[in-house]
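A, B, ... follow the sequence lines: proteins, then strands. Residue 1 opens every chain.
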2 protein chains.
Amino acid sequence: MGKKGAEVRQQIVEIADEVIYQRGFHQASFAELAEAVGLPKGNFYYYFKSKDELLAAVIDHRLAGIKVMLQDWQQEIPAPQDRLRRFLRIPLNEATRVLQYGCPMGTLSMELGKTDPVQQAYARQMFELFKAFLQRQFEALGKGKEAEPLAMHLLVWSQGMAVMSSAFKDQHCLQHEIDQANTWLESL
Amino acid sequence: MGKKGAEVRQQIVEIADEVIYQRGFHQASFAELAEAVGLPKGNFYYYFKSKDELLAAVIDHRLAGIKVMLQDWQQEIPAPQDRLRRFLRIPLNEATRVLQYGCPMGTLSMELGKTDPVQQAYARQMFELFKAFLQRQFEALGKGKEAEPLAMHLLVWSQGMAVMSSAFKDQHCLQHEIDQANTWLESL
DNA sequence: GTCTATATGAAGATAGAC
DNA sequence: GTCTATCTTCATATAGAC
């Protein structure tokens, strides 16, 4: 695959990322993706040898994005407490989309868990990046052995607020839970 | 549809309930259901005029089950505090399935949110039953206007633990979150 | 009233043309 | 190296047989 091909492939991955988020992996068809990219559908098999490979590429793309974001936070936000607060701002910044489609990581993980444990395990890496980041912040706050369950709890909370606010299409629920979580962080 | 037909229909609903939970609504095909029920696949359209109608019947079935369960709790458990604790025992009793397939309500709601807001709104009724029940218990505990957000928070927590413990296939995470939630209930 | 054979369309995938 | 025409499979759905 040449330079042009790599660019097109990258473009497909970015659009597939969004379509898979909004419609779900199984519901996102090549025909749909093709129209979004502006490419004939049969063409996908030049860039990806299967739908699973496309999914893997999308997950890799997400992983890379998360890594960059977390590194940026690490560099630009000095206080561990503020880094944890920054994490809680994600669902707020993405409120409209969270209400409509849920969390991109949570919904993908749940979907894959019902059809393919291997793909689900691969998608889990996204959570693991966040978990490791959050855990480091709690360790920096002197939480010692509690850092791991605390990190997990923050992930639990963020996923729960995404599911329920999306199920009820309730922006206030989302806002309230984020506020409560921030208060909880300060109380630690 | 005669007496026999109604029985068969009921049997299909019960099996479809389980298959939809384990495989997801879109992934659950008539062929798959047919084999599980022991019926030729073309037959479903005698009992349900579309897949959506089957889904509606499954949700109705779940709603009926939830209503009976909550009424039983109301009758058999005198203390509101204990009724809240009973709610938290669901994910523990269903731990194996929660780790494999997530929460039946949460995963269905998230899946439908990506394809059909109308069906998602219908499925939401399951959450509303639980929410109303939990809210009544918090009101009985004298929480007044806080009863509603407290009920929502317990739902958020339960959904979050289901998503994360399932994503990580981590029974200890589930157990720990349930313990923490019980402790939180006592602190109120 | 109950069930079966078949239609129709869309999905993922491939072989081979340009 | 890039793209297109086509294939196969399997989904939901229907018409009509028993």
Worksheet item: If you look at every strand shown and take non-hydrogen atoms under 4.0 Å, does A28(B) touch a base, only sugar-phosphate, or nothing?
Response: sugar-phosphate
Worksheet item: Contact class for F30(B) vs. all strands (heavy atom < 4.0 Å): base, sugar-phosphate, or nothing?
Response: sugar-phosphate
Item to complete: Measure from the side-chain N and O atoms of R83(B) to the backbone N and O of Q74(B), and report whether any donor-acceptor pair falls under 3.5 Å.
Response: yes
Worksheet entry | Any donor-acceptor N/O pair, Y21(A) side chain to G102(A) backbone, under 3.5 Å |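 At least one qualifying donor-acceptor pair exists.
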Worksheet, complete the sentence: Separation between OH (Y101(B)) and CG (L108(B)), nearest 0.5 Å, reads 16.0 Å
Out of [options], whichever nucleotide has its closest atom nearest the side chain of [X]:
{"X": "K41(B)", "options": "dA13(D), dT4(D), dC3(C)", "value": "dA13(D)"}
{"X": "K51(A)", "options": "dA11(D), dG12(C), dT4(C)", "value": "dG12(C)"}
{"X": "Y46(A)", "options": "dT4(C), dC3(D), dA11(D)", "value": "dC3(D)"}

Fill in: side chain to side chain donor-acceptor pair (under 3.5 Å) between D179(A) and Q175(A), intermediate numbers included
CA-CA 6 Å; D179(A) 291 345; Q175(A) 179 71 60; 3.1 Å; yes
Just the rounded figure in Å: distance from [atom2] of [N] to [atom1] of [X].
{"X": "F44(B)", "N": "dT4(C)", "atom1": "CZ", "atom2": "P", "answer": "13 Å"}
{"X": "R9(A)", "N": "dT2(D)", "atom1": "CZ", "atom2": "P", "answer": "13 Å"}
{"X": "H26(B)", "N": "dG12(C)", "atom1": "NE2", "atom2": "P", "answer": "13 Å"}
{"X": "Q27(B)", "N": "dT12(D)", "atom1": "CD", "atom2": "P", "answer": "10 Å"}
{"X": "N43(B)", "N": "dA13(D)", "atom1": "CG", "atom2": "P", "answer": "15 Å"}
{"X": "E53(A)", "N": "dA13(C)", "atom1": "CD", "atom2": "P", "answer": "11 Å"}
{"X": "K49(A)", "N": "dA13(C)", "atom1": "NZ", "atom2": "P", "answer": "11 Å"}
{"X": "L39(B)", "N": "dC3(C)", "atom1": "CG", "atom2": "P", "answer": "6 Å"}

Report yes if at least one side-chain N or O of [X] is closer than 4.0 Å to OP1 or OP2 of [N]; otherwise report no.
{"X": "Y47(B)", "N": "dC3(C)", "answer": "yes"}
{"X": "S29(A)", "N": "dA11(C)", "answer": "yes"}
{"X": "Y45(A)", "N": "dA13(C)", "answer": "yes"}

Discussion item. I'd like to know if R136(A) and E139(A) make a salt bridge, using a cut-off of under 4.0 Å between side-chain N and carboxylate O.
Written reply: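 Judged by the 4.0 Å cut-off on N to carboxylate O distance, R136(A) and E139(A) do not form a salt bridge.
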